[in-house]
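Worksheet: the structure to be examined is printed underneath.
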Amino acid sequence: MALRLDEISSIIRRELEHYEAGIELSEIGTVVRVGDGVALVHGMLGAKFAELVEFPGGVLGIALNLDDEVTGCVILGPFHHIQEGDTVKRTGRAVSVPVGRRLAGRVLSPVGTPLDGEGSLDAESYRTVERFAPRVTARAPVGRPLQTGIKAVDALVPIGRGQRQLILGDRQTGKTALAVDAIINQKTHGVLCVYAAVGQKASAVARVVDKLRAEKALEYTVVVAATAADPAPLLFVAPYAATAIAEAFMDEGKDVLIVYDDLSRHATAYREMSLLLRRPPGREAFPGDIFYLHSRLLERAAQLDHTRGGGSITALPIIETQQGDISAYIPTNLISITDGQVYLEADLFYAGVRPAVNVGLSVSRVGGAAQSKAMRQVAGELRLDLARYQELKTFAHFGAELDQGTRARLARGARLVELLKQKQYRPYPLEEMVVSLFAGVNGYLDEIPVALAGQFEAELLTLLRREHRALGERIRRSAELDEEDEQLLRQIVAQLRQRFKAERGIDTGAEKDGGQADAQNT
Ligand code: ATP
Ligand code: MG
């Protein structure tokens with residue numbers, strides 16, 4: 001670290017003073033430069049990484065850059081009164097946050113300040129924000145589904161408890177919506193949630209909180225927020241603080257879902273801090289250790305084995321891409337340290353395909369093992385049909401003559417795309433996802449005009465809820481579709497199709513046997 005001459009002289013002067021005062025240099029230091037929420041401190045050599053330090057006026061900071069003689073510190077509060085020559089003290093404490101059940105329903109800053117005007121957090125205990133991830137021997141394989149209630153995700157990129165699934169896409173493509181819907185869906189699954197808002201506008205965070213409250217999802221959710229108006233160091237700490245809160249739940253044997261919204265802004269905050277700390281920038285001006293920071297963060301997601309209580313943390317980090325570029329530095333890093341990704345595409349979003357999941361570019365590397373049998377029964381076919389559809393669609397654009405088989409596949413694909421559309425704030429229970437997709441992959445919608453596919457689905461699900469409750473319950477409870485129920489379901493869907501078409505005067509001519517054939521096979 002290069003220091004200017006005047007800095008050196010000020011250091012020497014301070015050192016002499018300290019020498020005479022006989023003060024232990026490992027415990028205190030002197031500010032040699034300060035600006036933009038960052039201070040370079042000479043001395044304080046005993047400080048540990050992420051240790052809290054105290055500036056004049058009781059303002060806290062975090063020691064980050066541990067150099068031979070100078071410690072880089074970020075300041076967590078007002079810093080305008082801090083000057084060169086001020087004394088800084090070690091506290092011996094690491095940055096910590098309140099944890100525990102009482103936090104559910106609350107909104108707090110990354111250093112534990114309540115932000116919701118609801119008074120003290122009343123925390124049972126505190127935890128340091130930095131912790132080692134569970135060791136491999138403490139972990140069990142991912143094997144239980146984390147249901148998001150979103151058809152396109154649960155069917156095509158299933159997430160298991162303990163998995164890290166990246167959500168990425170350009171701005172305004174529904175990234176937050178997807179994660180918030182996943183949180184709302186946990187109401188019926190007993191999964192506790194932590195939503196870490198990093199670098200968003202305060203109004204955007206308020207909207208999410210209001211929605212969670214309205215959906216009765218806030219009561220099992222903790223929101224940790226550092227907004228765009230907060231200093232970079234607070235943004236930097238936010239995901240670690242949120243993770244510490246999640247870990248306390250996991251260690252009690254609970255299942256937790258944590259959302260980091262988003263890590264692009266986290267990386268930007270870290271870049272800002274690092275430039276101020278005068279660290280050498282690397283690719284895209286990000287400091288080289290951003291990769292390490294994110295991987296260490298996401299390592300803390302886990303499925304613990306039963307001897308450790310069997311709790312889990314499922315992590316949904318969010319990343320914003322620029323013009324769909326998933327090969328930029330931060331997206332590639334995150335893709336390499338997660339177990340899969342859901343890629344949301346702006347073109348699909350604008351074309352009305354919402355959620356805008358790009359099926360070809362989205363994968364789940366471990367969640368398949370956790371997918372329920374009922375879902376697997378429909379998902380295999382779905383993936384194949386969609387892949388064929390995407391392929392054929394490209395050719396169909398050239399205006400080529402299409403044979404009947406090709407036309408049929410295009411018709412099927414178009415309807416499946418319709419079935420995968422889903423309104424925001426409307427997660428589906430398992431049985432509804434299964435029934436809806438079952439109808440699609442078995443061709444019951446092939447003769448229904450594409451524009452009416454959504455209507456057909458709605459009628460089918462109403463029918464299920466009103467007249468075939470027991471069937472729905474059986475699917476939900478057993479998480480599979482046995483042979484008998486499959487037959488029953490075929491009958492229900494075939495009858496609805498007949499009625500649906502008759503009511504709307506849809507005549508396809510192809511259906512001479514009145515849908516009987518469908519009851520056998522399609
Ligand atoms: P940002 O980049 O600003 O964080 P984002 O990618 O998080 O955006 P959202 O804020 O979740 O995107 O969604 C963008 C807009 O699209 C919002 O107005 C939201 O209500 C709408 N939207 C998201 N998902 C759906 C959906 N499934 N159906 C209809 N509208 C949706
Ligand atoms: Mg968002």
Side-chain angles (χ1 to χ4, degrees), residues 107 147-157 165-185 193-212 214-215 217 221 223-229 235 238-239 242 257-269 315-326 328 330-331 334 341-359 361-362 416-428 432-433 436 453-455 457-458 461:
V107 184
Q147 279 176 33
T148 65
I150 299 162
K151 287 175 280 184
V153 175
D154 290 357
L156 298 170
V157 275
Q165 183 81 359
L166 180 65
I167 299 172
L168 78 170
D170 283 3
R171 55 177 302 278
Q172 290 286 300
T173 49
K175 304 183 294 299
T176 300
L178 198 127
V180 166
D181 282 350
I183 290 177
I184 292 172
N185 196 48
C193 300
V194 180
Y195 178 76
V198 186
Q200 302 177 41
K201 283 199 195 123
S203 58
V205 181
R207 266 201 303 280
V208 169
V209 171
D210 286 347
K211 197 63 210 180
L212 290 175
E215 296 286 338
T221 303
V223 177
V224 177
T227 70
L235 270 64
L257 170 65
I258 187 165
V259 174
Y260 304 106
D261 192 2
D262 67 42
L263 290 187
S264 310
R265 294 196 177 93
H266 181 249
T268 306
L316 299 181
I318 296 178
I319 280 287
E320 180 183 307
T321 51
Q322 310 292 331
Q323 276 94 49
D325 182 11
I326 55 175
I330 300 296
L334 274 147
Q341 75 267 353
V342 180
Y343 178 51
L344 301 176
E345 197 176 85
D347 287 348
L348 289 173
F349 189 87
Y350 296 129
V353 180
R354 301 177 188 182
V357 178
N358 176 317
V359 176
L361 290 177
S362 300
L416 293 178
V417 168
E418 283 305 304
L419 279 183
L420 288 176
K421 290 182 183 174
Q422 192 168 336
K423 287 206 183 78
Q424 204 179 353
Y425 312 126
R426 170 78 171 86
Y428 281 37
E432 294 191 4
M433 292 195 266
S436 161
Q455 181 66 36
E457 187 205 35
L461 296 182

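Indexing begins at 1, ligand by ligand and atom by atom, following the structure's order.
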Can you see which heavy atom on [X] is nearest to which on [Y], and at what distance?
X	Y	value
Ala182	Leu316	CB-CD1, 4.3 Å
Glu418	Ala453	CB-CB, 3.7 Å
Glu320	Gln322	OE2-NE2, 3.7 Å
Phe349	Ala356	N-CB, 3.5 Å

Open item on the list: Could you tell me, atom by atom, which parts of ligand 1 come under 4.0 Å of a heavy atom of Arg171?
Closed with: 2 (O)

TODO: Give the atoms of ligand 1, by number and element, whose distance to some non-hydrogen atom of Gln422 is under 4.0 Å.
DONE: 26 (C), 27 (N), 28 (N)

Task: Salt bridge present between Lys421 and Glu457 (N-O < 4.0 angstrom) - done: no

Return the closest protein heavy atom for [atom] as residue, atom name and distance.
atom	value
atom 12 (O) of ligand 1	Gly174 N, 2.9 Å
atom 6 (O) of ligand 1	Lys175 NZ, 2.7 Å
atom 21 (C) of ligand 1	Gln424 OE1, 3.8 Å
atom 29 (C) of ligand 1	Arg354 CD, 3.9 Å
atom 24 (N) of ligand 1	Ala177 CB, 3.5 Å
atom 15 (C) of ligand 1	Gln172 OE1, 3.8 Å
atom 16 (O) of ligand 1	Phe349 CZ, 3.0 Å
atom 4 (O) of ligand 1	Thr176 OG1, 4.0 Å

- [ ] Check the side chains of Asp154 and Thr148 for a donor-acceptor pair under 3.5 angstrom, ignoring hydrogens and angles.
- [x] yes

- [ ] Heavy-atom distances under 4.0 Å are what count here, so tell me which part of Gln200 touches ligand 1: side chain, backbone, both or neither.
- [x] neither

Open item on the list: Checking the N or O distance criterion of under 3.5 Å, is ligand 1 in contact with Thr173?
Closed with: yes

Under 3.5 Å donor-acceptor, [X] side chain and [Y] backbone:
X	Y	result
Asn358	Leu344	no
Glu432	Ser436	no
Thr173	Glu345	no
Thr321	Asp170	yes

Task: Gly169 heavy atom under 4.0 Å from ligand 1 - done: no

Task: Contact check: Gln200 to the Mg ion (ligand 2), N/O/S below 2.8 Å - done: no

Task: Protein non-hydrogen atom found under 4.0 Å from atom 19 (C) of ligand 1 - done: yes

